[in-house]
Every structure is written in structure tokens, then in C-alpha cells.
Amino acid sequence: MLVIDNLTRHYGDRRALDGVSLRIEPGSFVGVIGRSGAGKSTLLRLINRLAEPSSGRILHGETDVTALSGHQLRDWRARCAMIFQQFNLVGRLDVMTNVLMGRLSHVPSHRSLLRMWSEADKAMALAALDGFDMGQFAGVRADQLSGGQQQRVAIARALVQEPEIILADEPVASLDPRNTRLVMDALAEVNRRYGITVMCNLHSLDLARAYCDRLIGLVAGRVVFDGRGFDLTEDVARRLYGLEAGEVLDDEASMPPPSMTIPARPAHHAAIGA
Ligand SMILES: Nc1ncnc2c1ncn2[C@@H]1O[C@H](COP(=O)(O)OP(=O)(O)OP(=O)(O)O)[C@@H](O)[C@H]1O
């Protein structure tokens with residue numbers, strides 16, 4: 001269980017996050033929604049410790065995440081993979097090497113520096129790519145791929161980290177509708193097949209409702225909604241999105257439903273590539 005306890009982050013006078021408390025069940029798929037500037041990225045960055053809280057705590061099981069430093073903090077970041085809007089691949093390296101970067105925390109540094117990846121690591125990386133229909137691109141430079149393809153490589157890289165949590169910060173914000181579906185399906189697959197908890201910041205309410213078991217709505221750094229998609233009324237949507245509500249609600253009419261090809265979640269983690 002990931003417990004967020006009264007988490008606050010100030011930037012000068014501005015409260016990016018303001019006393020947020022949440023309990024995130026293992027294996028859940030949580031959508032974090034709200035207008036631009038509501039604090040969605042700040043929440044994810046604090047969980048991963050890419051940003052430091054002004055006050056409050058983050059607990060994961062027995063671990064006080066907010067107190068970690070050194071190699072324990074690096075271990076936490078490996079267990080809590082981040083996916084970014086702009087993919088963050090190394091463009092001049094091939095797809096396979098980018099995915100293998102996700103294994104860095106699992107191999108001794110001399111081997112990773114010399115790119116001496118084991119056969120097992122390579123097999124795992126290829127299986128992760130194959131899982132998202134990207135195996136045939138293993139030898140291609142990452143900067144030759146489309147945005148949607150790059151994001152699926154980024155998800156494969158996150159998966160081979162063998163994380164317990166994936167934090168996806170607006171992973172589809174720069175993608176067209178088809179690639180949006182492919183990337184959201186990939187996140188759903190990671191969640192359901194491997195039981196990995198996914199927390200995903202999304203602008204589209206329709207996508208959030210379609211893919212997430214639970215939605216957390218932020219306004220000015222505070223939680224104003226926490227529930228299932230169908231409990232989120234139009235009134236709440238207007239409160240969440242303010243002047244952007246028309247745009248967000250219009251999205252619903254234009255977005256196709258997600259493909260329903262997601263396998264059922266097994267009782268325990270399946271091995272990657274199994
Ligand atoms: N590094 C920073 N320095 C100063 N202010 C920041 C910083 N990061 C975030 N903020 C401010 O904190 C508030 C919350 O920002 P955050 O990026 O978390 O919102 P968001 O909901 O993710 O927005 P978006 O959807 O536009 O990414 C905003 O007012 C933002 O300007």
C-alpha cells in the first residue's frame with residue numbers, strides 16, 4: 001500500500017500541492033485528473049522523489065519514502081518507474097539499448113557501463129518490446145520512431161525495471177487518438193498482467209473514465225474528487241476543470257471507446273514475457 005499523508009509542496013507563495021492524503025491499493029490503476037496547474041505532476045514527482053515535499057510523508061509498506069537517501073533512494077526510484085510526456089528516450093541509441101537502460105539498477109555498474117547485458121536481460125527487454133508490438137524495431141534508433149512508438153518503448157523500459165508502481169505523467173498528451181489508445185492499452189496491460197500499480201495523469205476525462213479504476217481530481221493542489229469514473233458527475237467535472245470543462249467534456253463525444261483486448265488480471269505477478 002502506498003500511503004500519502006498530508007503532503008504539501010510550496011513553490012514560493014504558491015501551494016502546488018496542499019495537504020493531500022491518499023491510500024493507493026497495490027495493483028490499482030489510478031487516474032489523476034484536473035486542469036493545468038492543479039498539481040498533478042507535482043504529486044507524481046513527489047512520490048518518485050524527483051521533487052521534495054515541503055511537509056507530509058509518503059509511506060510504502062514499512063518504508064518511509066520521504067526519508068530515503070543514497071542507494072535506498074535509487075532503489076525506490078527503480079521500484080517506482082516514471083513515464084513522461086516527452087518519452088525521455090536516448091534518441092541516438094537503438095530501441096533495445098533504451099529498454100535495457102531499465103535494467104541498470106539490476107546489474108553491476110561495470111557491466112552496464114560497458115553495455116555487457118546478460119542474455120537474460122536481453123531476452124527480458126525483447127519480450128517487453130514484443131508485448132507492445134515493438135520487437136521488430138529493436139535495432140532502430142529511438143529518434144526514428146513515431147511518438148506513440150517511442151512511448152511504448154518507454155513503457156517497455158519501465159517494465160524491465162520490474163517496478164511495483166508506474167507513475168505516468170501525461171503519457172498521451174502529445175499523441176494522436178490511435179496512438180493514445182495503443183499507449184493506454186499498454187499501460188492497462190502492464191497493470192492487469194503484472195499487477196503493477198499505475199498512477200497516470202490525464203487531461204482527458206473520457207480516457208480517465210475508460211481506463212482507470214479510481215479517479216483522483218485535484219483543484220489548486222487539493223483533492224476534490226476521489227472515486228470511480230461513473231461517480232464523477234458533470235457538476236464535479238465543471239468544478240475540476242473550470243473554464244476548460246467544455247473542452248474536456250467535448251472530448252468525450254470525439255474519443256472512441258478503448259479496445260477491450262486487455263487480459264484479465266492474474267492472482268499473482270506473471271513473469272515478464274511469460
Ligand atoms: N519547479 C517549479 N517552480 C515553480 N512553480 C512550479 C514548479 N513546478 C510546478 N509549479 C507550480 O505548481 C503548480 C502545480 O503545477 P503542476 O505542474 O504540478 O500542475 P499540473 O496539474 O501537472 O499541470 P499541467 O497539466 O499543466 O502539467 C502550478 O501553479 C505550477 O506553476
Side-chain angles (χ1 to χ4, degrees), residues 1-85 158 163-171 187 191 195-203 205 208-209 211-229 231-233 235-242 244:
M1 174 88 74
L2 180 70
V3 177
I4 293 162
D5 179 20
N6 207 14
L7 203 61
T8 294
R9 169 70 206 220
H10 304 266
Y11 287 105
D13 291 342
R14 189 183 291 267
R15 283 178 182 235
L17 213 63
D18 190 2
V20 167
S21 293
L22 297 166
R23 297 171 75 82
I24 308 291
E25 299 283 342
S28 51
F29 194 139
V30 178
V32 185
I33 56 173
R35 66 205 291 190
S36 183
K40 306 181 295 296
S41 298
T42 301
L43 175 60
L44 264 50
R45 292 169 66 82
L46 289 175
I47 294 171
N48 188 264
R49 292 279 311 275
L50 284 174
E52 296 298 320
S54 305
S55 61
R57 287 199 310 167
I58 300 159
L59 305 167
H60 185 247
E62 301 293 303
T63 307
D64 182 350
V65 171
T66 20
L68 298 177
S69 61
H71 75 89
Q72 290 180 320
L73 178 56
R74 283 194 294 281
D75 284 351
W76 169 246
R77 290 196 175 126
R79 289 161 63 200
C80 181
M82 264 322 268
I83 291 178
F84 300 93
Q85 180 180 340
E164 289 165 59
I165 302 171
I166 288 184
L167 303 169
D169 192 2
E170 304 263 10
L187 285 172
N191 171 249
I196 295 171
T197 307
V198 175
M199 284 185 78
C200 184
N201 291 351
L202 289 167
H203 185 70
L205 188 52
R209 278 183 171 140
Y211 282 91
C212 305
D213 324 319
R214 175 180 173 191
L215 303 185
I216 293 166
L218 297 178
V219 173
R222 287 175 170 265
V223 176
V224 302
F225 178 82
D226 184 354
R228 299 184 73 88
D231 294 328
L232 198 152
T233 60
D235 280 351
V236 177
R238 290 191 191 286
R239 187 164 167 222
L240 279 171
Y241 291 98
E244 294 171 31

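Being a predicted model, the structure only gives us computed values, none of them experimental. Count residues from 1 along the sequence.
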>> Within a 6.0 Å radius of atom CZ on R49, are there more than 12 heavy atoms belonging to other residues, nucleotides or ligands?
In response: yes

> Between the side chain of W76 and the main-chain N/O of H60, is any donor-acceptor distance below 3.5 Å?
Replying inline: no

> Do the side chains of L232 and L205 get nearer than 4.5 Å, heavy atoms only?
Replying inline: yes

> Which heavy atom of A81 sits nearest a heavy atom of A158, and at what distance?
Replying inline: CB-CB, 3.8 Å

> If you take all heavy atoms of L7 and G56, which pair is closest and at what distance?
Replying inline: CD1-C, 3.9 Å

>> Do L43 and I4 make a side-chain contact, defined as non-hydrogen atoms from C-beta onward lying under 4.5 Å apart?
In response: yes

> Between atom CG of L167 and atom CE of M199, what is the distance when rounded to the nearest 0.5 Å?
Replying inline: 7.0 Å

>> Please give me the minimum heavy-atom distance between T66 and P53, naming the atom from each residue.
In response: CG2-CG, 3.5 Å

> Can V30 and D213 be said to form a side chain to side chain contact (heavy atoms under 4.5 Å, CB included), step by step?
Replying inline: CA-CA 6 Å; V30 178; D213 324 319; over 6 Å; no

> Stepwise, does the side chain to side chain contact (heavy atoms under 4.5 Å, CB included) test hold for L2 with I47?
Replying inline: CA-CA 9 Å; L2 180 70; I47 294 171; 4.1 Å; yes

>> side chain to side chain contact (heavy atoms under 4.5 Å, CB included) for I165 and I196? Distances and angles first, verdict last.
In response: CA-CA 6 Å; I165 302 171; I196 295 171; 5.5 Å; no

> What are the two closest heavy atoms between A208 and I33, and how far apart are they?
Replying inline: CB-CG2, 3.7 Å

> Within the side chain of S21, is there an N or O that forms a donor-acceptor pair under 3.5 Å with the backbone of N6?
Replying inline: yes

> Within a strict 4.5 Å, meaning less than it, do heavy atoms of the L187 and F29 side chains meet?
Replying inline: yes

> Any salt bridge between R57 and D64, counting N to O under 4.0 Å?
Replying inline: yes

>> Test salt bridge (charged side-chain N to carboxylate O under 4.0 Å, His left out) on R214 and D226; report intermediate values, then the result.
In response: CA-CA 7 Å; R214 175 180 173 191; D226 184 354; 2.8 Å; yes

> Less than 4.5 Å apart, any side-chain heavy atom of M1 and any of I24?
Replying inline: no

> What pair of heavy atoms forms the shortest contact from T42 to A16, and how long is it?
Replying inline: OG1-CB, 3.7 Å

>> Quick one, P163 and C80 - any side-chain contact, counting heavy atoms below 4.5 Å?
In response: no

>> Apply side chain to side chain contact (heavy atoms under 4.5 Å, CB included) to residues L215 and R209 and explain how you reach the verdict.
In response: CA-CA 8 Å; L215 303 185; R209 278 183 171 140; 4.2 Å; yes

> To the nearest 0.5 Å, what is the distance between CG (L46) and CD (E52)?
Replying inline: 8.0 Å

>> Walk me through whether D169 and S41 qualify under side chain to side chain donor-acceptor pair (under 3.5 Å).
In response: CA-CA 6 Å; D169 192 2; S41 298; 3.0 Å; yes

> Quick one: CG on L68 to CD1 on I58, what's the gap to the nearest 0.5 Å?
Replying inline: 9.5 Å

> If only atom types and distance count, is the side chain of T8 paired as donor or acceptor with the main-chain N or O of G19 below 3.5 Å?
Replying inline: yes

> Restricting to pairs with a member in residues 71-84, which pass salt bridge (Lys or Arg N to Asp or Glu O under 4.0 Å), not counting sequence neighbours?
Replying inline: R79-E164

>> Can you classify the ring geometry of Y241 versus H203 as parallel (below 30°), tilted (30 to 60°) or perpendicular (above 60°)?
In response: perpendicular

> What heavy-atom pair brings T197 and G27 nearest, and what distance separates the two atoms?
Replying inline: OG1-N, 2.9 Å

>> Any non-hydrogen side-chain atom of V224 less than 4.5 Å from a side-chain atom of L218?
In response: no

> Short question: side chain of N191, backbone of S28 - any donor-acceptor pair under 3.5 Å?
Replying inline: yes

> Think R9 forms a cation-pi with Y11, using NZ or CZ under 6.0 Å from the six-ring centre and within 45 degrees of its axis?
Replying inline: yes

>> Please report the interatomic distance CZ(R45) to CG(L17), rounded to the nearest 0.5 Å.
In response: 13.0 Å

> Is there side-chain contact between V65 and L59, with at least one heavy-atom pair below 4.5 Å?
Replying inline: no

>> Once rounded to the nearest 0.5 Å, what's the spacing between atom CG of L44 and atom CE of M82?
In response: 5.0 Å

> Given F225, which of I216, V219, T233, D231 fulfils the side chain to side chain contact (heavy atoms under 4.5 Å, CB included) condition?
Replying inline: D231

> Looking at CD1 of I83 and CG of N201, how far apart are the two atoms once the value is rounded to the nearest 0.5 Å?
Replying inline: 12.0 Å

> Is there a donor-acceptor pair closer than 3.5 Å between any side-chain N or O of K40 and the backbone N or O of R35?
Replying inline: yes

